[in-house]
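Below is one structure; the comments refer to it alone.
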Amino acid sequence: MTTFKSFLLLLCISFSLQAHAQEKVTKREVLSLDKGWSFHKGDIPYPVIKGHNATYRNAKAGYVSGVASPNYDDSSWRIVNLPHDWAIEGNVNPDANLSQGYYDRGFGWYRRKFKLDPEDKGKHLEIQFDGISTHATIWVNGTVLHRNWCGYTSMYIDITPYATYGDEINTIAVRVDAEAQEGWWYEGAGIYRHTWLVKRSPLHIITDGVFAHPVKKNDSQWEIPVEVTLYNSGKLPADGEVEVTLFAPDGKQMTTQSKAVSVTALREGITHLPLTVSDPKLWSPDSPSLYKVKTTVKQNGIVTDEVETKCGFRTIRFDNNTGFWLNGENIKIKGVCNHQDHAGVGVAVPDAFWEFRLRKLKEMGVNAYRVAHNPVAKEFMAACDSMGIMVLDENRLFNTSPEYVRQLEWQVRRDRNCPSVILWSVFNEEPMQGTENGVEMVRRMYDVVKKMDPTRPITAAMNGGFFSKYNVSQAVDVGGFNYQIESYDRFHEENPELPLTSSEDGSAFMTRGEYKTDYETHVMDSYDTECAGWGATHRRAWKAVNERPWMAGCFYWTGFDYHGEPTPHRWPTVSSFFGIMDLCGFPKMAYYLHQAQWVKDKPILELVPHWNWPADSIGKPIKVMALSNADKVKLLLNGKEISEQQVDPYEMNTWFVPYKPGKLEAIGYKNGKIVSRTKVETTKEPVQVRLTPDRNNLAGDGRDAMPITVEVVDSKGRHVPTANHMIEFTVTGPAEIIGLGNGDPNCHEPEKGNKRSLFNGLAQVIIQSKEGAGTITLTASTPGLKPAAITINADQVAPIPSIAPEFPPMLLNKWVASPLSTEKPDATRQIADNDMNSWQPVAGNELIKLENANFVILRSTFNPYEAHKTEGGSILFKQLTGKAEIWLNGKQIGSKASDKEEDFTVEFPAVNERCDLRVLLNGTTDSAVGLKGNVTVRTKRAVK
Ligand code: GAL
């Protein structure tokens, strides 16, 4: 008997332990938080806290007061979807900073509310901000959870301990300080990258927790030394099994490994699962083959977490004599540097634009990209991997304090699987580069990077200090030259062992479509004659790198123009002149120049300038340049040969041709054979607007976006390169215009709206889909010309998994009831201020019995939200029982004729003062009337 009892006891204990050991298991969900943020431009100061009680509460978790507090009234704030850049929504201002494109930045507040399912209890919950410009403070449910002092790093915030579930609302509040500046270029303002909520099992792979970068072992053997970092947010130690499986680009499963793991509660666990592979398909710019490592965590045989990591097999080597080697092949790096903004959208660049911009660069012959001077969006990195663009991945701030080391570690951890990344850069042009302090700092940052990624070399982009006794080239794997062409040879001679690359060169100036420099009007010609004092023309910069085999390559400043840094000008110029393309991605002459120098596998031939000169130019010499990769180019005007020239692959070819309207034609020859032809023609007057979309379809997910080229054409359909018409746009169907541009650095027209002038024949309008399928029609018109209309299909696609925003209404749960009566009482009757007794509090959600009576009045009061003051609102009575008249501040606003239990809504107009709400209820004697459900006061807020 005793034994049986103790057996029962043991059974109970083990049952209860098992019940306890049942942590929540779930599949990872990655949900967008981009939609429905309430936004306030400008700062709202923190309240001044006084008084002991208030001061005491203010010091407690969950009790922040003021605008960060969950119950702050944000009802009048604007609703925005992310990514969002409020700076670009404004107008340029001569008093603002020229480096930031003369855009005002300032402060802003964002708030986002959402519900969590009671089922989510026990899961690990993380919110992620991919990028906020510039300093951000983030509260969740009244507790400050993160401060981020960098506009380019992501924030991953564990909100599990703070979350509430069911009908209770979770509130995120973000204060953004965009007065803070980290760059000397346009940095935008606001939450300008995506935001996410990630739900995972307590035992899960941490964010960026898989390191799966292949390493070559011998001629045919490779290894992926997969490292998986897990975290257990549960209450008990967790056991599981981690499995990694490699899939080839065609989806075929290659190899797999698994391992048992056990992770203590609230600890991380790291496990290694090497995979070996023979003869994989290699990744390169020409053939960017991507493999996939699928990592799963299983508990009790059930998959509880899963992550897919793209990777690529390639070798890289920087050689002190021969430059750069990719997969055993000696190639020149043909790179460009870029910032991250685009016309019309500022830094809130739609994901699809990364593909658009990289496609333009690739067509130009670019094989590499330096992310200047900061980490970029992860969607950009993924596009480089899949499109085959090598990346020089650069850190933002030169600083070895714990906060900045954390930021550097984040960058390396996030990007170290990208086959595109060939080189890390720890800084750009730091004044300490030629000092012992600088060397000590680089040594430390070098070590941080190497610990996390032993496979890639490290550089620092130096623009001086090269010959100082102490300089940071002594602490890196590859010496990085910004400009300083005249020092290339001496430095190489004195440091023959150090591999070298240009990390930045060029800084030449051009205005698209302009052919005469005018310092008065801030216009730079397109003949590659103008450059910064420290820089070089396109042709000189490339020659300097290309003629030196030990220079790994170039990174031209810049591929695209960007807002800000209007060097060599200032107001009224608001954006840069450095781009090979303008702010919209329209090619300047430099585009064809580089294309001629870099593209080998197809004939390139372009002519500049256009051939639309005014009548008084007739007979005067016009400078003509041909950009080609042919051996010889012949130039003809109106069918008559001007001359044939041998092509100089660095300088290209120049003629001075007396102007005569008509057709200027070039013919390219290779080995005596015609390989290319091009022409520029004098057009007639423009007669019609033309729109050319980048694609015919948009995904109907509310996120996809595309640029559309705007121009005017003559009666023969020819582009008119000198046109500057103001064009107006209208869009119908499931899309909206999110930005406008024309590439003119001196243009002050707003980049939002529905109007933009052409600049030298071109403008760009950017449209973004709304959710759902349909036909989008964009029309463009200008007085006197035939308008253009195009249709684009918005395709039905699966919606982006998201967390719905909540705009919680005000709950009225404090009611008093009048005495019962048989006569209809006056619903507006006043209650004396000292009368505490004749009206009695009534419990919400309970009916009142009309004992020997037929009438009762219920009363509640509330302060209107800001939105009610301007727009009015509505009141929803759930399960209102009995006939009723609704009165607000002495005026009847609704009546319910039926005595049945029904949900009932009344609208009310804008109201400024404290509201006195009365419900006059009427029923048969002894019936029950009243408020069975909640009463809520609502605003007209909704998400677009
Ligand atoms: C470099 C700098 C770039 C840009 C460029 C303009 O010194 O690294 O960010 O300012 O000059 O020429």
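As the structure is a prediction and not an experimental result, all values here were calculated from the model. Atoms within a ligand are numbered from 1 in the order they appear, just like the ligands themselves.
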I'd like to check whether E504 has a polar contact with ligand 1, where a contact means an N/O of the residue lying under 3.5 Å from an N/O of the ligand.
yes
Purely on distance, is any nitrogen or oxygen of H339 under 3.5 Å from one on ligand 1?
no
In terms of residue, atom name and distance, what is the protein heavy atom nearest to atom 9 (O) of ligand 1?
H373 NE2, 2.6 Å
Minimum-distance protein heavy atom relative to atom 10 (O) of ligand 1
E565 OE2, 2.4 Å
Cut-off 3.5 Å, side chains only: do S576 and D561 have a donor facing an acceptor?
yes
Check this for me, if you would: do D447 and R444 make a salt bridge, where the nitrogen-to-carboxylate-oxygen distance has to be below 4.0 angstrom?
no
Is the NZ or CZ atom of R193 positioned over F129's six-membered ring, under 6.0 angstrom from the centre and within 45° of the axis?
no
I132 backbone acceptor or donor facing N148 side chain under 3.5 Å:
no
Non-hydrogen atom of W185 closer than 4.0 Å to ligand 1:
no
For F578, counting its heavy atoms only, list the atoms of ligand 1 lying under 4.0 Å from any of them.
6 (C), 12 (O)
Within ligand 1, which atoms have a heavy atom of W534 less than 4.0 Å away?
11 (O), 12 (O)
Applying ring pair (Phe, Tyr, Trp, His ring centres under 6.0 Å), run through H373 and W185 and close with a yes or a no.
CA-CA 10 Å; H373 305 293; W185 54 88; 5.3 Å; yes
Using a 4.0 Å heavy-atom cut-off, say whether N463 meets ligand 1 through its side chain, its backbone, both or neither.
neither
